[in-house]
K.L.:
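Dropping a structure here in structure tokens format, bear with me for questions.
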Amino acid sequence: MTKKIYALVDCNNFYVSCERVFNGNLENKPVAVLSNNDGCFIARSNEVKALGIPMGAPLYQWQDLVDKEGIIVFSANFPLYGDMSHRVMKTLEEMCPDLEIYSIDEAFLDLTNMHLSSVTDYCRLIKETVERWTGIPVSVGVGPTKTLAKAASKLAKKIKSNNGVFNFLDYPDTKENDEYLSKVEVGDVWGIGRKYTKLLNRYNIINACDLKNADPVFIKQRLTVTGERTQMELSGIACIPVNRNPHPKKAIAVTRSFGKYQKTLQELSESVAYFTRKIGEKLRAQESAANYLQVFILTNLHRKDHPQYHNSVIVKLAKPSDYSPLLIAAALQGLKNIFRTGFSYKKAGVLALALQPKDLIQYSFLEPTPETQKNAEAKLMKTVDGINRRVGADVLKYAAEGVTRGWWMNQTHKSKRYTTKWAEILQAKLT
DNA sequence: TCTGGGGTCCTAGGACCC
DNA sequence: TCTGGGGTCCTAGGACCC
């Protein structure tokens, strides 16, 4: 069996880099991107990381530092990031068709069958090409397993002299290999999160090399089979394949925190109707139908001084469906069952569960749905989706969504949708 | 006053069946 | 005195990822 060659391409500080592509003044300055509602830091430039602001930190706790250091903050602009991601992935696909888009800012490449004379040189070329074509800086890590490729991408960022590429295959000698592995903290290993890091540290497992050499029985016992796999991957045994054709999602969620507290059933109904319409759009986009909807509502868990209430309900649909009016009716019925008056709600959401391919829907023999009705529903949804796509996402909506959007999130630092809205395209000034 | 959103996988334990 | 045991399915919760 030939050894696999996996590369992980990882966009550096992705959302910040997207903002920088369209605003030259952000270069070399501390820049951060905030979550919805301008709540938490979800992307930080190196300058911001150096100031000590952690990932996920709430903005209000760091506001003084933000002001003092002149940190430039942006509200999240997901249409822009999604479009930039698409450009990066298209570029990667041209250089290695055998790829798995792993997240909005990462892709695994399987370079095994490309017969490269120098894998490391080719990865440098990939890095330069992506940066030239899209303006997004990336790091590339290479290894015989996906977990090692991930670890390598950490080293690519860490070891400055490597110019953004690190390849474990360049260090076949075990001693040298382990030396580099020791530079990766165990918490930075793919699959080891906060809880496991704490546990492992208690047993003096501090870095990736320690984990690789730990007692496999202990690891399996405490970290289950996923931990076992991680450990094997660290020692070069590939357990996790590159997944070229990701299967359709098994669940779809649309959830939001509110910009201001929502108190009445009417208010909550409007947001839930909106979430459910979005669910319908996503279902149709991947040609799935849902068997169940789950609706949940909750108060602000961070405010111990407020009366707390959270609840959720699962509604079985009369038939598997992607038809927005039916979905909305079901979700609102569910909401009615869990709503309690007298609370200030902070967040709500809708999930579509037990998804199935749309073309496999079994219609009832007892109450056959006429072909004409099925066609009419599909045609209506297709028309609505088409108009919303062309004219703007929310031109056509349902009456149940209301018109005020009183729950809408706060976004006071939003950049423009440079790449997806003609009206907001970047303008060049000729001088 | 102010704390994101969208996913996957695994396990333990209860319900149920024979 | 003295109450089985094994298999399967389902779900909630917990871990992880970005």
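The figures here come from the full heavy-atom set of this structure, side chains too, leaving out hydrogens, waters and symmetry mates. Chain letters run A, B, ... following the sequence lines, proteins first and then strands; every chain starts at 1.
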K.L.:
Any salt bridge between Glu185(A) and Lys154(A), counting N to O under 4.0 Å?
P.N.:
no
K.L.:
Toward the 5' end of DNA chain B, which comes first, Val225(A) or Ile252(A), by nearest nucleotide?
P.N.:
Ile252(A)
K.L.:
Does Asn300(A) make a side-chain N or O approach to OP1 or OP2 of dT3(B) shorter than 4.0 Å?
P.N.:
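Yes, within the criterion.
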K.L.:
Quick one: do Glu47(A) and Arg20(A) make a salt bridge, cutoff under 4.0 Å?
P.N.:
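Result for this pair is yes, salt bridge flagged.
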K.L.:
Please check the phosphate of dC18(C) (OP1 and OP2 only) for any side-chain N or O of Lys150(A) closer than 4.0 Å.
P.N.:
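Checking dC18(C) against Lys150(A), a side-chain N or O does come within under 4.0 Å of OP1 or OP2.
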K.L.:
Is Glu128(A) salt-bridged to Arg124(A), cutoff N-O under 4.0 Å?
P.N.:
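Looking at Arg124(A) together with Glu128(A), the answer is no, because their closest N to O distance does not fall below 4.0 Å.
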K.L.:
Using a heavy-atom cut-off of 4.0 Å across all strands, would you classify Asn37(A) as base, sugar-phosphate, or nothing?
P.N.:
nothing
K.L.:
Would you classify Asp105(A) as touching base, sugar-phosphate or nothing, given that sugar-phosphate means primed atoms plus P, OP1 and OP2, and contacts are heavy atoms under 4.0 Å?
P.N.:
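Answer is sugar-phosphate: Asp105(A) comes under 4.0 Å of backbone atoms only.
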K.L.:
Base, sugar-phosphate or nothing for Val189(A)? Non-hydrogen atoms, less than 4.0 Å.
P.N.:
sugar-phosphate
K.L.:
Answer yes or no: does a side-chain N or O of Ser257(A) lie under 4.0 Å from OP1 or OP2 of dG5(B)?
P.N.:
yes
K.L.:
Measure the distance from OH on Tyr81(A) to P on dG6(B) and round it to the nearest whole Å.
P.N.:
16 Å
K.L.:
Apply the test side-chain contact (heavy atoms from CB on, under 4.5 Å) to residues Val31(A) and Val48(A): give CA-CA distance (whole Å), side-chain angles for both, the deciding distance (0.1 Å), then the verdict.
P.N.:
CA-CA 7 Å; Val31(A) 180; Val48(A) 174; 5.5 Å; no
K.L.:
Let's see if you can work this out: which of dC10(B), dT8(B), dG4(B) has an atom nearest to the side-chain heavy atoms of Thr224(A)?
P.N.:
dC10(B)
K.L.:
Starting from P on dC2(B), measure out to NE2 on His413(A) and report it in whole angstrom.
P.N.:
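Checked: the NE2 to P distance equals 15 Å.
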K.L.:
With the side chain of Lys195(A) defined as its heavy atoms from C-beta on, choose the nearest nucleotide among dT3(B), dC16(C), dT8(B).
P.N.:
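Closest nucleotide among those given: dC16(C).
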K.L.:
Is the distance from OP1 or OP2 of dT3(B) to the nearest side-chain N or O of Lys347(A) less than 4.0 Å?
P.N.:
no
K.L.:
By the 4.0 Å heavy-atom rule, please label Arg229(A) as base, sugar-phosphate, or nothing.
P.N.:
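Here Arg229(A) touches the backbone only, sparing every base.
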K.L.:
Heavy-atom nearest nucleotide on DNA chain B for Cys40(A) versus Lys250(A): which residue maps closer to 5'?
P.N.:
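Its nearest nucleotide being more 5', the pick is Cys40(A).
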K.L.:
From dA15(C), dG6(B), dC18(C), pick the nucleotide closest to the side chain of Tyr196(A)?
P.N.:
dA15(C)
K.L.:
So which heavy atom on Asp38(A) is nearest to which on Thr412(A), and how close?
P.N.:
OD2-N, 2.8 Å
K.L.:
Measure from CG on Leu223(A) to P on dG14(C) and round the result to the nearest Å.
P.N.:
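Interatomic distance, CG of Leu223(A) to P of dG14(C): 17 Å.
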K.L.:
Using a heavy-atom cut-off of 4.0 Å across all strands, would you classify Gln63(A) as base, sugar-phosphate, or nothing?
P.N.:
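Counting heavy atoms under 4.0 Å across all strands, no contact is made by Gln63(A).
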K.L.:
Using a 4.0 Å heavy-atom cut-off, does Tyr261(A) contact any base of the nucleic acid, only the sugar-phosphate backbone, or nothing at all?
P.N.:
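Counting heavy atoms under 4.0 Å across all strands, the contact made by Tyr261(A) is with sugar-phosphate only.
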K.L.:
In whole angstrom, what separates Asn36(A)'s CG from dG6(B)'s C1'?
P.N.:
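The answer, rounded to whole Å, is 11 Å.
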K.L.:
Which is true for Asp38(A) with a 4.0 Å heavy-atom rule: it touches a base, it touches only sugar-phosphate, or it touches nothing?
P.N.:
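No contact at all - Asp38(A) keeps every heavy atom at 4.0 Å or more from the nucleic acid.
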K.L.:
Rounded to whole angstroms, how far apart are NE2 on His310(A) and C1' on dA12(C)?
P.N.:
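About 12 Å, once rounded to whole Å.
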K.L.:
Which one is paired to dT11(C), where only Watson-Crick or G-U wobble pairs with both distances under 3.5 angstrom count?
P.N.:
dA12(B)
K.L.:
How would you label the contact of Ile192(A) with the nucleic acid (heavy atoms, under 4.0 Å): base, sugar-phosphate, or nothing?
P.N.:
sugar-phosphate
K.L.:
Of all the nucleotides listed (dG7(B), dT3(B), dG5(B)), which has the minimum atom distance to the side chain of Pro58(A)?
P.N.:
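So the side chain of Pro58(A) is nearest to dT3(B).
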K.L.:
Give the nucleotide from the list dT8(B), dG6(B), dC2(B) with an atom nearest to the side chain of Arg256(A).
P.N.:
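Ranking dT8(B), dG6(B), dC2(B) by closest atom to the Arg256(A) side chain puts dG6(B) first.
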K.L.:
Look at Lys260(A) and dC2(B) and indicate whether a side-chain polar atom (N or O) is within less than 4.0 Å of OP1 or OP2.
P.N.:
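Negative; the distance criterion is not met.
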K.L.:
What nucleic acid atoms does Ala57(A) come within less than 4.0 Å of, heavy atoms only: base, sugar-phosphate, or nothing?
P.N.:
nothing
K.L.:
With a cut-off of less than 4.0 Å, is there a side-chain N or O of Thr255(A) near OP1 or OP2 of dG6(B)?
P.N.:
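Yes, Thr255(A) has a side-chain N/O under 4.0 Å of OP1/OP2 on dG6(B).
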K.L.:
Can you check the Ile53(A) CD1 to dT3(B) C1' distance for me, whole Å?
P.N.:
14 Å
K.L.:
Evaluate side chain to side chain donor-acceptor pair (under 3.5 Å) for Gln266(A) paired with Thr264(A), printing each intermediate quantity in order.
P.N.:
CA-CA 5 Å; Gln266(A) 175 60 33; Thr264(A) 66; over 6 Å; no
K.L.:
Any side-chain donor-acceptor pair under 3.5 Å between Thr147(A) and Glu233(A)?
P.N.:
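Side-chain D/A pair, Thr147(A) to Glu233(A): present.
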